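Accompanying notes for the structure given below.
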Amino acid sequence: MASNMLWAYGKVGIAHMRLFDTFAEFITVNIDVFDNQNIANSAWAYATTQLPSKAVFDTLTRRACGRLSSFRLDELCGLMWAYVRAKPDTVASSMIFEESVQLLQPRVATLDAQSVANVIWILATCQQLRGQPVPGARDLVDSLMVALLDLRVRLDSEGAAQVVWSLWRMGRFHDAWILFVRTLSDGRHPEHGKTGYTKKHAVDGRQRYYQTLLMEAERRGDVQKQVFLWKQMAADFYSRNLRTACLNCALMAHIKAADADGAREMLRQMVRTKLFNQVTASLAARLGHPDLEAEIEPAEIIDITLRRRPTCQSRYEDFHYKEASVLETVVREATARDVKSVHASIENVGLKEVWLKIAGGEKACVIDNVIAKQRPKLILEFGTYVGYTSTRMALQVDAWKGQVVTMEMDPVNATIARNHIEMAGLSHVVTVQLGHSDDAVQLVLEKYGEGSVDMVFMDQRGTAFHDDLLTLERTNILADNAVVVADNVLKPGAPYHVWRISTLPHYATDIVDLREFGSAPVEDWMTVSWVSRGNGYGQLPVEVRELNELARESDRFRLKAMATSMKDLVGDPLDEFAKRFTHEFVKLGIRTSMYVRTDIVDGCAVSKLVQLGAGEAPPSWDGEEREG
């Protein structure tokens, strides 16, 4: 009953601290009567809720080790998964992995598709956390790869993405590429295998395996693989705008590699298939062809990949309907090499058609002020989305030859952003780095070196801000006196981040109260933190366990906002959550220190930062939403 109740709370993502602490005591006292299912369920629950629980896992390890051979395969895989997801990371040093690898090797033929994907992912993640592979893991992965390439095991979409990323993480990119070409390319994308609330708004796995493969192909400078992947992506889309955007990215890869012949052949294919637009014309002009249709002769034979087109929009394409509509509007209405017209087109979609998660309006006021004060030479952005903020920042730093590197894990968003950046005429200033932040930061470090980043803008999942900032400090990529700006800190929320930057002594932080762009009734916070290399740099703050509940609730609201908009979530329960969030931090002595005031001057909205006095609250706002 205890393990089932823990499993239920973990399933719905409720991290009730007192309840889980009580069960931790229960597990310690009663561990001798826990059977295999009880052990697996309890481990899964603590890992899923991300509660720091090393003592619980130590107790479960003592009970599990020596009897893992009696676990069913699903129980064993579930237990291993929990140990690599658990907090803190040191749980991954448990000896259950060595014993599990030995048990799984002779049972490879009995593993189903989900188990194969999970085991490979678990071993890759464990290697990442430990800094070295689990003994015997390579032989086990070799056996699993044989089963995959022989098609004895057929992965679903999410499983394929897990395996491709895992092989790359283990330094086996060649194996990942072979798996993709032999089982996933040419339209052979498997179905998405999961259902339920947490997966309801997720796209299928091709988003993730395209990301991994493109990230590594670009790191290696392998133009042939890059172009192959962009063509494969183009062929997966029904929308002509998205197909053209992908081919534009392939064209950019040729141009970056100074492959003029390859670029011209790409242009010939695009003219023949009529998959070209203003962005294509801009790229052609860079190759010395200002009149695309008049100067480029259509290809005689169409590339077989470009002949492929789905009969309707896929779930993968539907998920990006908002971003695709932005691309269509920008290409149709903006003027090439006019960044302000690109911004206006994006803003009009966000204000008049559908809510977009962009840092415009009052949020842009904060970013503009920070850039004017800091004058950064290199800005690192987490979360490119459609390229609005990166091009806005680039417009300013270009004046002193600064650069913007923006990291994006979604290859469709990255495709759209690269087209918008080229349309704005800022490709020489902005670089879109594909990949999850855990992977992409290392690639940025390789290219730019330690102490290179003067400013950071964080606009990814709020509950990851603190981990990503800690990584930046520990890798020494931040320059002396760097500044870190974080968005959406109140809604959906970033409780760990607020606590860390408000309590560690090497930060000087302002918390700014303002309104969400395109959803003026929604209050939000941004934080601005000036970072020095003093005490606390690269360290963790004192743990406040109550923040775990806020963090899990924040993630749930983020999922809902991704599916609708922040405007649609106004009122209960989002406002209640924000009040509780604010109340918890006021109890800890943390309050907003500034707010953005917006006035209408000659029909235009003019925003400015206002300092709050000690204990002073920002003014409430109860007017009608206004544009401008």
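Here the structure is a predicted model, which is why all the values come from computation and not from measurement.
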When you measure from the side chain of [X] to the backbone N and O of [Y], does any donor-acceptor pair fall under 3.5 Å?
X	Y	answer
S157	G205	yes
Q278	V331	yes
K357	D459	yes
Q269	I302	no
Q50	A47	yes
E323	I416	no
N248	V279	no
T212	Y209	no
Q105	L140	yes
E218	L434	no

Should we say atom [atom1] of [X] is surrounded by more than 12 heavy atoms from elsewhere, each under 6.0 Å from it?
X	atom1	value
E333	CD	yes
E353	CD	yes
R154	CZ	no
R182	CZ	no
I301	CD1	no
R130	CZ	yes
E446	CD	yes

Shortest non-hydrogen separation from [X] to [Y] and the atoms involved:
X	Y	answer
E317	D236	OE1-O, 4.2 Å
V412	D410	N-OD1, 2.9 Å
L242	A324	CD1-CB, 4.1 Å
P310	A235	CD-O, 3.2 Å
S452	L378	O-CB, 3.4 Å
L111	V153	O-CG2, 4.2 Å

Intermediate values then yes/no, side-chain contact (heavy atoms from CB on, under 4.5 Å), L229 and Q226: CA-CA 5 Å; L229 289 165; Q226 291 175 53; 5.9 Å; no

Can you say whether the rings of Y83 and F97 are parallel (under 30°), tilted (30 to 60°) or perpendicular (over 60°)? perpendicular

Go through the side-chain N and O atoms of [X] and [Y] and say whether any donor and acceptor fall under 3.5 Å apart.
X	Y	result
N241	T244	no
W165	D439	yes
S115	N118	no
T431	Q403	no

Tell me, with the steps shown, if D468 and Q460 meet side chain to side chain donor-acceptor pair (under 3.5 Å). CA-CA 10 Å; D468 287 330; Q460 71 278 36; 2.7 Å; yes

Which value, rounded to the nearest 0.5 Å, describes the distance between [X] atom [atom1] and [Y] atom [atom2]?
X	Y	atom1	atom2	value
E408	R418	CD	CZ	10.5 Å
L380	L445	CG	CG	10.5 Å
L213	R208	CG	CZ	12.5 Å
T475	E450	OG1	CD	7.5 Å
S437	F465	OG	CZ	10.5 Å

Check each of M215, Q433, H436 against M409 using the side-chain contact (heavy atoms from CB on, under 4.5 Å) test, and report the only one that passes.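 Single pass found, and it is H436.
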
Test item: Y388 and L356 side chains (from C-beta on) under 4.5 Å apart, heavy atoms: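 With C-beta onward as the side chain, the pair stays apart.
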
side-chain contact (heavy atoms from CB on, under 4.5 Å) between M80 and L104: does it pass, once the steps are laid out? CA-CA 12 Å; M80 294 171 67; L104 287 169; 4.0 Å; yes

Test side-chain contact (heavy atoms from CB on, under 4.5 Å) on Y385 and I358; report intermediate values, then the result. CA-CA 8 Å; Y385 195 41; I358 58 175; 4.0 Å; yes

Would V101 and L123 count as a side-chain contact (heavy atoms from CB on, under 4.5 Å) if you check the C-alpha gap in whole Å, the side-chain angles of each, and the deciding distance to 0.1 Å? CA-CA 9 Å; V101 167; L123 294 175; 3.8 Å; yes

Are D467 and R461 ion-paired here, with the side-chain N under 4.0 Å from a carboxylate O?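 Looking at D467 and R461, the cut-off is not met.
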
